[in-house]
Undergrad: 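Questions regarding the structure given below will be posed in turn.
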Amino acid sequence: MFPEYDVIVVGAGHAGCEAAAAAANLGSKTLLVTMNMQTIAQMSCNPAMGGIAKGQIVREIDAMGGYSGIVSDLSTIQFRMLNRSKGPAMWSPRTQNDRMLFHLKWREMLENTPNLDFYQDMVKGMLIKDGICTGVVTGLGHEIKAKSVVLTNGTFLNGIVHIGEKNFGGGRMAEKAATGITEQLVSLGFESDRLKTGTPPRIDGRSLDYSKMEEQPGDEEVVGFSFLDTEKPKTQRSCWITYTNQAVHDVLKTGFDRSPMFAGRIDGVGPRYCPSIEDKINRFAERDRHQLFVEPEGWNTVEIYVNGFSTSLPEETQYEALRNIVGFEKVKMFRPGYAIEYDFFPPTQLKYTLETNLIQNLFFAGQINGTTGYEEAACQGLMAGINAHQKAKNLAPVILKRSDAYIGVLIDDLVGKGTQEPYRMFTSRAEFRTLLRQDNADLRLTELSYRLGLASQERMDKVINKRKSVEEIKTILKDFAVEPEEINSYFISINSSPITEKQKAQKILLRPDVELDELANSLPKLKEALSHFTTDSIEQASIQIKYDTYIEKEKELVKRMSQLEELEIPETFDYKKIASLGNEAREKLAKIKPRTLGQASRISGINPSDVQILMVFMGR
């Protein structure tokens, strides 16, 4: 019934979809196995993509030839570039999406991907022979062979849904949990643990009074995620902001004795940076209110997502608390919020390709590795799909460094440090964030992906043209002379010091209060010279000129750090023989098996003297 596949991907969430697309587009015969074909790329929690640091990840996925950016653009109902008031390293794109359209566009793109088959069934275990994964076993009893297997099980592994004192098995509300995989992996020597995440109630938008809330419209210019020319929405839907208050908190507290979290019925650790509302009012008791974002679920639905009100309290407590929020006095609830507890496997058990250390040809991606968020899952899926293909075809692995991409930071953090709580990406995690901006993800990554055979010729051509245009713009600005009488009125209007002699446009642009588009508007000849360039290229040239000093400093830091990154540690290196290493260092190095001295230096508990000892023993 089934042929032998190059790659089997288990699970069709954000990680699974990207993994299947990547492997298939690279030329592997790929099978995507999911328990429900109707929930492919389901937005299980909020109907949004991107945000702080997450937006950079989506742009990196897109630059590599993944689908998340395109699908997000095609299902956008609102776009905002966050942190515009800060430097470009902090700018982060975010979309509010039509939940149903997002799923439909993902499925449509996957169905139009060559080499990709689908099968609806539960995978209950892997076929393992001599420490090598050779396929999967399904709930219906099928044994399907493959050269590589990627597990992207999300919250489904022995998932338990909690609402107040009620709990039942499930990977999401109204969807059954997946069983068998954890038990098999543990029997093979894997370490597993439990994590928890949650979701807020969904409510009827017709029952809200928006006149009492603060409107949050989208940006006038919809930039989007994809570096391709995707279709952008002509109109946008607003979101709204309201707040909890003391009355809301008092109602919520009446349900604390029946809270599965406080009563100890949940063992898993929840996400630190996206806590439940009961956790917020418990941990931040000094605050008399918390911000809530009232987010539409799509173009043609009245369903509303209450961002910031994740909860697993009893339904009646949720309902009463909601009614005390300003604008929610007559609220109707479609479905209650809930918590979900699930198995994950500490990611220190992985190689940097996301292949497991214990079993060859078996890869993990997404929440199975302890992450939270669509974007974190999707980028792991992309890299696991690429490396599953590379392994199936006996090709070299693909590993992004911390200086290459946020994706590299995320995987390095997971494999090198592990996580005891759901891992979320932030700009602060990336020490080279001036280099890893959202605007240059294509310049950083598309060429690598194109060489692999994943990024299209169209993408590569765009990058070549962008590089050429940026250099031309920089040359124009370097040569363009500006007379004082041409520009001083503009300087006065922005409270900037006038000039007394001729200056080049490039030097003027270095002023922190001068933006290139405003400068060009003040100088008709300069505006004409730049008129045939795209907004994207003009912005890129401006950023490179303005932040040149910072960019060069960071490049120098990368160069210095790369000396350690280039010192590879043999896989067979025996740390137990190094008596001068402490017990903790020996144990952690032997368990994680770092690929380079640089990666060894970032493992929690490894200090600089341990790295020096390793260098000596490696003959450096």
Side-chain angles (χ1 to χ4, degrees), residues 13-15 17-18 41-64 66-73 75-84 86 88-97 99 102 106 152 154 197 199 218-219 222-227 239 271-275 293 295 305 307-308 310 365-367 369-383 400 402 404-414 419 421-433 435-442 444-445:
H14 298 257
C17 288
E18 286 290 4
Q42 174 94 304
M43 296 184 113
S44 310
C45 202
N46 63 322
M49 288 292 282
I52 308 300
K54 292 167 175 276
Q56 282 87 326
I57 290 175
V58 178
R59 294 216 101 192
E60 289 176 352
I61 292 168
D62 184 76
M64 293 279 287
Y67 288 176
S68 288
I70 297 170
V71 172
S72 297
D73 287 353
S75 58
T76 293
I77 65 172
Q78 188 196 83
F79 177 85
R80 293 178 70 219
M81 185 67 78
L82 307 182
N83 282 341
R84 271 284 191 185
K86 299 179 181 177
M90 305 300 286
W91 297 354
S92 301
R94 183 185 190 273
T95 55
Q96 198 68 31
N97 296 87
R99 186 187 296 279
F102 186 91
W106 248 115
T152 70
T197 190
T199 193
D219 290 353
V222 179
V223 177
F225 287 113
S226 185
F227 290 97
C239 295
R272 178 189 298 265
Y273 302 103
C274 189
F293 294 93
E295 301 177 342
Y305 181 91
N307 195 337
S310 174
Q367 284 175 290
N369 291 335
T371 58
T372 181
Y374 306 145
E375 304 82 3
E376 289 89 344
C379 74
Q380 290 174 73
L382 175 81
M383 298 311 296
L400 295 177
R402 294 182 75 90
D404 292 332
Y406 272 87
I407 298 171
V409 173
L410 180 140
I411 292 173
D412 187 71
D413 278 354
L414 291 175
T419 187
E421 60 188 44
Y423 176 100
R424 178 179 178 178
M425 180 51 73
F426 291 101
T427 48
S428 58
R429 294 192 191 270
E431 60 271 43
F432 305 123
R433 55 187 169 273
L435 297 178
L436 308 184
R437 306 183 311 276
Q438 59 85 29
D439 59 84
N440 69 354
D442 54 341
R444 288 186 277 120
L445 297 171

Undergrad: Would you indicate whether the side-chain heavy atoms of E18 and I61 approach each other to under 4.5 Å?
TA: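 I61 vs E18: side chains touch.
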
Undergrad: Are P93 and R59 close enough that some pair of their side-chain heavy atoms sits under 4.5 Å apart?
TA: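 Answer yes - side chains close enough.
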
Undergrad: Do I52 and L82 make a side-chain contact, defined as non-hydrogen atoms from C-beta onward lying under 4.5 Å apart?
TA: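 Yes. Closest side-chain heavy atoms under 4.5 Å.
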
Undergrad: Kindly determine whether D413 and R402 satisfy salt bridge (Lys or Arg N to Asp or Glu O under 4.0 Å), including the steps that lead there.
TA: CA-CA 9 Å; D413 278 354; R402 294 182 75 90; 2.8 Å; yes

Undergrad: Looking only at heavy atoms, which two atoms of L445 and D404 are closest? And how far apart?
TA: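 Where L445 meets D404 most closely, the heavy atoms are CD2-O, 4.0 Å.
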
Undergrad: Does E376 pair with K54 as a salt bridge, N-O distance under 4.0 Å?
TA: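 Yes, this pair counts.
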
Undergrad: Step by step, work out the side-chain contact (heavy atoms from CB on, under 4.5 Å) result for V222 and T95.
TA: CA-CA 9 Å; V222 179; T95 55; over 6 Å; no

Undergrad: Would you say the side-chain atoms of Y374 pair up with the backbone N or O of A41, donor to acceptor, closer than 3.5 Å?
TA: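 The answer is no, because no donor-acceptor pair under 3.5 Å joins these two groups.
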
Undergrad: Please indicate whether R84 has more than 12 foreign heavy atoms, meaning atoms of other residues, nucleotides or ligands, lying under 6.0 Å from its CZ.
TA: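 Yes.
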
Undergrad: Can you confirm whether F293 sits close enough to C239 that some side-chain heavy atom of one is under 4.5 Å from a side-chain heavy atom of the other?
TA: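 No, their side chains stay 4.5 Å or more apart.
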
Undergrad: Identify the two heavy atoms, one from Y406 and one from A89, that lie closest to each other, and give their separation to 0.1 Å.
TA: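 Residues Y406 and A89, closest heavy atoms: OH-O, 4.4 Å.
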
Undergrad: Could you check whether E60 pairs with R437 (Lys NZ or Arg NE/NH1/NH2 to Asp/Glu carboxylate O, under 4.0 Å)?
TA: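 Between R437 and E60 there is no salt bridge, as every charged N stays at least 4.0 Å from the carboxylate O atoms.
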
Undergrad: Does the N307 side chain pair with the main chain of N46, one donor and one acceptor, at a distance under 3.5 Å?
TA: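 Side chain of N307 to backbone of N46, a donor-acceptor pair under 3.5 Å: no, none is there.
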
Undergrad: Do F79 and D73 come close enough that some side-chain heavy atom pair is under 4.5 Å?
TA: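 No, too far: nothing below the 4.5 Å cut-off.
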
Undergrad: Looking at I57, I407, L414, which one forms a side chain to side chain contact (heavy atoms under 4.5 Å, CB included) with Q380?
TA: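 Single side chain to side chain contact (heavy atoms under 4.5 Å, CB included) partner of Q380 among I57, I407, L414: L414.
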
Undergrad: Find out whether the Lys NZ or Arg CZ of R429 is both under 6.0 angstrom from the six-membered ring centre of Y423 and within 45° of the ring's axis.
TA: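 Ring-cation test returns yes.
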
Undergrad: Taking all non-hydrogen atoms of both residues, which atom of P275 and which atom of S310 are closest, and how far apart?
TA: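 Looks like O-CB, 4.4 Å.
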
Undergrad: For the residue pair E375 / S68, report whether a side-chain donor-acceptor contact shorter than 3.5 Å exists.
TA: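 No, no side-chain donor-acceptor contact under 3.5 Å.
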
Undergrad: side-chain hydrogen bond (donor to acceptor under 3.5 Å, both in side chains) between S92 and Q56: does it pass, once the steps are laid out?
TA: CA-CA 6 Å; S92 301; Q56 282 87 326; 3.0 Å; yes

Undergrad: Which value, rounded to the nearest 0.5 Å, describes the distance between M81 atom CE and M90 atom CE?
TA: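 The CE atom of M81 sits 13.5 Å away from the CE atom of M90.
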
Undergrad: I'd like to check P47 versus F102 (side-chain heavy atoms, cut-off strictly below 4.5 Å). Are they in contact?
TA: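 No - every pair of side-chain heavy atoms lies 4.5 Å or more apart.
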
Undergrad: Let me confirm one number: the CG-CE distance from L410 to M425, rounded to the nearest 0.5 Å.
TA: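 The distance works out to 4.5 Å.
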
Undergrad: Can you tell if the side chain of F225 reaches within under 4.5 Å of the side chain of D62, non-hydrogen atoms only?
TA: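 Of all side-chain heavy-atom pairs linking D62 with F225, none is under 4.5 Å.
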
Undergrad: To check you understand the geometry: which heavy-atom pair defines the closest contact between R444 and A405, and what is its length?
TA: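 Here R444 and A405 meet closest at NH1-CA, 3.5 Å.
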
Undergrad: Just how far is it from atom OG1 of T76 to atom CZ of R94, taken to the nearest 0.5 Å?
TA: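 The OG1 atom of T76 sits 11.0 Å away from the CZ atom of R94.
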
Undergrad: Looking only at side chains, do S75 and N97 share a donor and an acceptor under 3.5 Å apart?
TA: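 Yes.
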
Undergrad: Looking at CG of N369 and CD of Q367, how far apart are the two atoms once the value is rounded to the nearest 0.5 Å?
TA: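 Those atoms lie 10.5 Å apart.
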
Undergrad: Indicate the atoms forming the closest heavy-atom contact of G370 with T419, along with that distance.
TA: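 That closest heavy-atom pairing would be O-CG2, 3.7 Å.
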
Undergrad: Does S226 use its side chain to pair, donor to acceptor, with the backbone of I70 at less than 3.5 Å?
TA: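 No: the side chain of S226 does not pair with the backbone of I70.
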
Undergrad: Could you tell me the separation between the CD atom of E295 and the CD1 atom of I77, rounded to the nearest 0.5 Å?
TA: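 Going from CD on E295 over to CD1 on I77, the span is 8.5 Å.
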
Undergrad: Using modelled atom types only, decide if a donor and an acceptor are shared between the side chain of H14 and the backbone of G366 within a distance under 3.5 Å.
TA: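 Checking the backbone N and O of G366 against the side chain of H14, no donor-acceptor pair under 3.5 Å is found.
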
Undergrad: Check whether any side-chain heavy atom of L382 sits under 4.5 Å from a side-chain heavy atom of M64, and report yes or no.
TA: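 The answer is yes, as the side chains (C-beta and beyond) meet within the 4.5 Å cut-off.
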
